[in-house]
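Reviewing the structure listed below.
Every chain is numbered from 1 and lettered A, B, ... according to where its sequence line falls, protein lines coming before strand lines.
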Amino acid sequence: MDKQQTQEFIARRVALELQDGDLVNLGIGLPTLVANYVPEGRDVLFQSENGFIGVGPAPTEEQIDPCIANAGAMPVTIVPGGSFFDSAVSFGIIRGGHVDVTVLGALQVAENGDIANYMIPGKMVPGMGGAMDLLNGAKKVIVAMEHTAKGNPKLLKQCTLPLTAVNAVDLIITEMGVIEVTPEGFVLIEQNPDYTLDEIKAATGAPLIISAALKQMA
Amino acid sequence: MDKQQTQEFIARRVALELQDGDLVNLGIGLPTLVANYVPEGRDVLFQSENGFIGVGPAPTEEQIDPCIANAGAMPVTIVPGGSFFDSAVSFGIIRGGHVDVTVLGALQVAENGDIANYMIPGKMVPGMGGAMDLLNGAKKVIVAMEHTAKGNPKLLKQCTLPLTAVNAVDLIITEMGVIEVTPEGFVLIEQNPDYTLDEIKAATGAPLIISAALKQMA
Amino acid sequence: MDKLIRLEDAVNLVSDGDTVMIGGFLAVGTPERLIDALIAKGTKDLTLICNDTGFVDRGVGKMVVAKMFKKIYASHVGTNKETGRQMLEGETEVVLVPQGTLIEQIRAGGFGLGGVLTKTGLGTEVEKGKQVVEIDGEKFLLEKPMRANVALLFAEKADVRGNLTFHGATRNFNTYMGAAADISIVEAGKVVQLGEMCPDEVVVPGVFVDFVVDGSEL
Amino acid sequence: MDKLIRLEDAVNLVSDGDTVMIGGFLAVGTPERLIDALIAKGTKDLTLICNDTGFVDRGVGKMVVAKMFKKIYASHVGTNKETGRQMLEGETEVVLVPQGTLIEQIRAGGFGLGGVLTKTGLGTEVEKGKQVVEIDGEKFLLEKPMRANVALLFAEKADVRGNLTFHGATRNFNTYMGAAADISIVEAGKVVQLGEMCPDEVVVPGVFVDFVVDGSEL
């Protein structure tokens with residue numbers, strides 16, 4: 001798989017996690033792709049933290065409205081039944097636990113659910129945007145990312161970068177598999193058959209428990 | 001003066017305190033009458049804490065809209081340029097210091113500005129409604145009331161009833177005069193010539209300083 | 001997600017012993033049909049969170065007369081003599097809460113905030129038993145978030161997704177109670193279909209609304 | 001109170017060294033004309049409070065390029081390389097604030113609340129140097145209110161009293177910054193006369209707006 005195929009593979013698997021009636025917030029980058037793979041007939045609404053519920057598909061040239069953009073400043077549309085609101089309501093929705101699922105990328109995830117995804121000191125300091133609020137407030141936090149960065153593990157015993165939130169991640173979905181964050185640590189519950197268990201373990205910087213009910217990654 | 005004339009006399013004097021551009025919140029009862037005496041040409045807006053700015057005159061029979069009532073549940077109108085909002089915004093306006101003047105009644109006012117106006121334990125316990133927030137948040141607090149209750153002073157060295165707020169009152173306007181609450185205590189700055197200074201002092205339950213610039217009550 | 005529900009089914013969502021938030025301000029913006037149906041059903045031992053207790057024959061006051069509450073949180077109960085009687089005779093516990101504090105406590109409960117820091121109530125009986133937090137030398141009262149099992153709300157118009165709009169002074173507490181309750185039910189004066197409400201027009205997004213009763217059919 | 005003001009007079013309300021709040025989210029809902037006029041005037045040593053720093057050629061980012069800020073509070077600066085350069089080279093101090101915390105701090109500043117109690121940022125660098133308050137055994141970070149000398153805002157439509165309405169995702173921080181600033185100036189896409197805006201339609205009441213610049217005339 002090339003990078004784009006890898007990202008699409010991950011996004012497709014994440015989409016299966018979304019349940020009927022869910023309100024979902026997608027981070028920038030790979031997570032945004034998830035919207036393209038929501039299973040047919042499943043009623044899912046997307047929130048954009050800059051101020052609306054009901055993020056729709058990209059507009060046609062004629063549909064573009066400069067006032068309707070997502071949290072990454074990309075032009076989008078709003079679906080029927082959507083609504084606009086301000087940042088205070090938007091983060092009331094997020095902080096108050098009204099978002100069912102958030103899907104975010106990460107630089108590092110620790111086996112206790114700690115996550116680092118907003119800065120590399122001295123190098124890249126974009127800021128946390130809404131990520132800290134999402135990680136604290138969303139009912140379920142899914143990290144969608146490539147398993148390693150330039151061959152280095154991103155799933156670790158402890159994060160070395162500044163944390164975005166402690167104890168926040170529930171599920172990690174990568175091109176290698178689906179990993180639950182449990183009190184016992186990382187548990188592999190689905191395996192991409194393109195990778196052996198040894199390969200996945202080698203790419204993971206913390207002990208990886210293999211679920212007794214391990215399934216093939218959908 | 002009978003009771004009604006007394007109340008109108010007080011309300012008329014209170015109205016002179018309102019400045020051009022002021023946002024004003026009027027309590028129930030006597031304070032409500034103040035709206036009738038705003039000096040010609042003075043641009044004053046009234047806030048109703050149940051959720052709007054721009055309280056207008058009482059509606060005609062045909063104008064009555066059950067959704068437009070003041071904080072005392074009396075039908076009112078809204079003036080052009082008015083706006084409706086919820087209680088969170090309404091008390092953001094109040095608590096945040098955006099109300100220039102509030103006019104409230106009182107059971108007791110102490111010489112340090114303490115005020116009691118929401119309950120008589122065991123007898124009358126209506127509740128504070130928005131009064132505690134108004135007393136803490138409004139830029140200027142005017143108490144409009146009769147000077148005594150059944151002959152008993154309401155201006156006291158200390159309140160004996162449960163307080164609505166401490167150190168909150170700026171000005172007291174009664175049928176006898178206009179009294180400033182200062183660090184030195186009550187200062188009479190205007191006198192209703194219908195009462196002698198001795199009568200006013202006798203009706204006041206705390207020392208009353210007579211201003212060197214004492215004026216006749218307008 | 002069509003959120004329409006029949007009135008009979010809606011009232012079955014309220015159980016004996018529940019804490020209920022009910023919108024409205026002196027019976028303006030109160031869900032009268034939901035209240036009537038609850039009274040007919042005879043739910044009991046409820047705890048009420050509401051701005052006031054309305055009138056004996058209007059608003060939430062009808063439920064007071066029907067003795068449905070064991071405890072009441074309100075800012076004002078003076079317009080309903082039955083509340084006063086029950087309170088003074090010890091039949092019902094009444095906790096008086098400043099209006100601006102009450103709406104912020106509800107907002108905090110719905111928006112995932114740890115509490116409210118306000119000067120309102122400092123130095124009064126409201127302060128008793130509560131934590132005072134000093135911030136940069138200034139004192140603030142810490143008021144805790146409020147939540148409920150069920151919220152009963154009124155709106156002028158709802159769409160089938162539960163997006164709401166309002167007319168006049170009916171917003172009051174209706175805008176935040178839905179966020180702060182496990183289940184929120186809106187009695188809408190009118191219901192419109194998906195896409196018939198402009199997303200710019202929405203005052204309360206449907207994420208805070210679980211069920212809508214079409215008031216125009218009652 | 002007609003609040004209309006000319007663009008030239010508006011920018012003279014901002015002084016060197018001021019703290020300015022500027023509405024908008026990645027240049028959606030940003031007052032571009034006010035920004036251009038400020039840049040032309042050459043104000044300096046400002047402290048900025050804004051969701052982000054936009055782009056080098058759009059939104060508040062143009063002011064970053066013009067080196068008008070000595071300090072910046074924002075949730076995200078990653079879309080503007082010049083902010084990153086100034087930050088890493090020590091030219092401009094950048095304080096990263098979680099987005100949901102930032103809007104609540106502004107709301108608290110405008111609404112007279114003592115602070116914000118949130119779980120967001122606990123266990124991260126955001127927590128450093130801040131008070132942690134324990135409420136019923138749960139920990140919350142105490143974030144202080146924010147205020148500014150001047151707020152520069154954008155709205156789709158304003159009436160001459162400063163009542164505002166919005167379109168699309170342009171509300172973001174524009175709804176609360178006016179309350180939190182000593183002087184607030186709105187660049188409105190369109191201005192309507194007194195009585196031409198329905199009071200039900202108002203999103204931000206004019207009490208939070210001091211001046212309106214008619215953007216349709218620019």
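Heavy atoms closer than 4.5 Å to chain D are found nowhere in C/Val203, neither backbone nor side chain. Both the backbone and the side chain of D/Leu113 come within contact range of chain C, judged by heavy atoms closer than 4.5 Å. Residue contact with chain C, scored on non-hydrogen atoms closer than 4.5 Å, involves the side chain of D/Leu142 exclusively.
Closest non-hydrogen pair, D/Phe154 versus D/Gly29, comes out as CB-O, 3.4 Å. Shortest non-hydrogen contact noted between D/Val191 and D/Ala188 is CG2-CB, 4.2 Å. Here the closest non-hydrogen pair linking D/Gly24 and D/Cys50 is O-SG, 4.5 Å.
Per-residue heavy-atom pair counts under 4.5 Å with chain C were compared for D/Gly100, D/Gly115, D/Gly114, D/Ala108, and the maximum is reached by D/Gly114.
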Less than 3.5 Å apart and able to act as donor and acceptor by atom type: which atom pairs between chain D and chain C qualify?
unit_1: D/Glu104; atom_1: OE1; unit_2: C/Arg107; atom_2: NH1; d: 3.1
unit_1: D/Glu104; atom_1: OE2; unit_2: C/Arg107; atom_2: NH1; d: 3.3
unit_1: D/Glu104; atom_1: OE2; unit_2: C/Arg107; atom_2: NH2; d: 2.6
unit_1: D/Arg107; atom_1: NH1; unit_2: C/Glu104; atom_2: OE1; d: 3.0
unit_1: D/Arg107; atom_1: NH1; unit_2: C/Glu104; atom_2: OE2; d: 3.3
unit_1: D/Arg107; atom_1: NH2; unit_2: C/Glu104; atom_2: OE2; d: 2.6
unit_1: D/Gly114; atom_1: N; unit_2: C/Leu117; atom_2: O; d: 2.8
unit_1: D/Leu117; atom_1: O; unit_2: C/Gly114; atom_2: N; d: 2.8
unit_1: D/Asp136; atom_1: OD1; unit_2: C/Lys144; atom_2: NZ; d: 2.7
unit_1: D/Asp136; atom_1: OD2; unit_2: C/Lys144; atom_2: NZ; d: 3.3
unit_1: D/Lys144; atom_1: NZ; unit_2: C/Asp136; atom_2: OD1; d: 2.7
unit_1: D/Lys144; atom_1: NZ; unit_2: C/Asp136; atom_2: OD2; d: 3.3
unit_1: D/His167; atom_1: ND1; unit_2: C/Asp200; atom_2: OD2; d: 2.6
unit_1: D/Gly168; atom_1: N; unit_2: C/Asp200; atom_2: OD1; d: 2.7
unit_1: D/Arg171; atom_1: NH2; unit_2: C/Asp200; atom_2: O; d: 2.6
unit_1: D/Asp200; atom_1: O; unit_2: C/Arg171; atom_2: NH2; d: 2.7
unit_1: D/Asp200; atom_1: OD1; unit_2: C/Gly168; atom_2: N; d: 2.7
unit_1: D/Asp200; atom_1: OD2; unit_2: C/His167; atom_2: ND1; d: 2.6

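Partners of C/Phe166 according to the ring pair (Phe, Tyr, Trp, His ring centres under 6.0 Å) rule, which considers only residues two or more places apart in sequence or in another chain, do not exist here.
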>> Set out, in order, the CA-CA distance, both residues' side-chain angles and the distance that settles side-chain contact (heavy atoms from CB on, under 4.5 Å) for D/Leu38 and D/Met63, then state yes or no.
In response: CA-CA 8 Å; D/Leu38 265 179; D/Met63 293 174 74; 3.9 Å; yes
> Would C/Leu48 and C/Val20 count as a side-chain contact (heavy atoms from CB on, under 4.5 Å) if you check the C-alpha gap in whole Å, the side-chain angles of each, and the deciding distance to 0.1 Å?
Replying inline: CA-CA 5 Å; C/Leu48 172 68; C/Val20 293; 4.3 Å; yes
> Which is it for D/Leu117 and D/Val133 under the side-chain contact (heavy atoms from CB on, under 4.5 Å) test, yes or no, and what are the steps along the way?
Replying inline: CA-CA 8 Å; D/Leu117 293 161; D/Val133 178; 4.0 Å; yes
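Distance check: D/Leu152 CG to D/Ile22 CD1 gives 5.0 Å after rounding to the nearest 0.5 Å.
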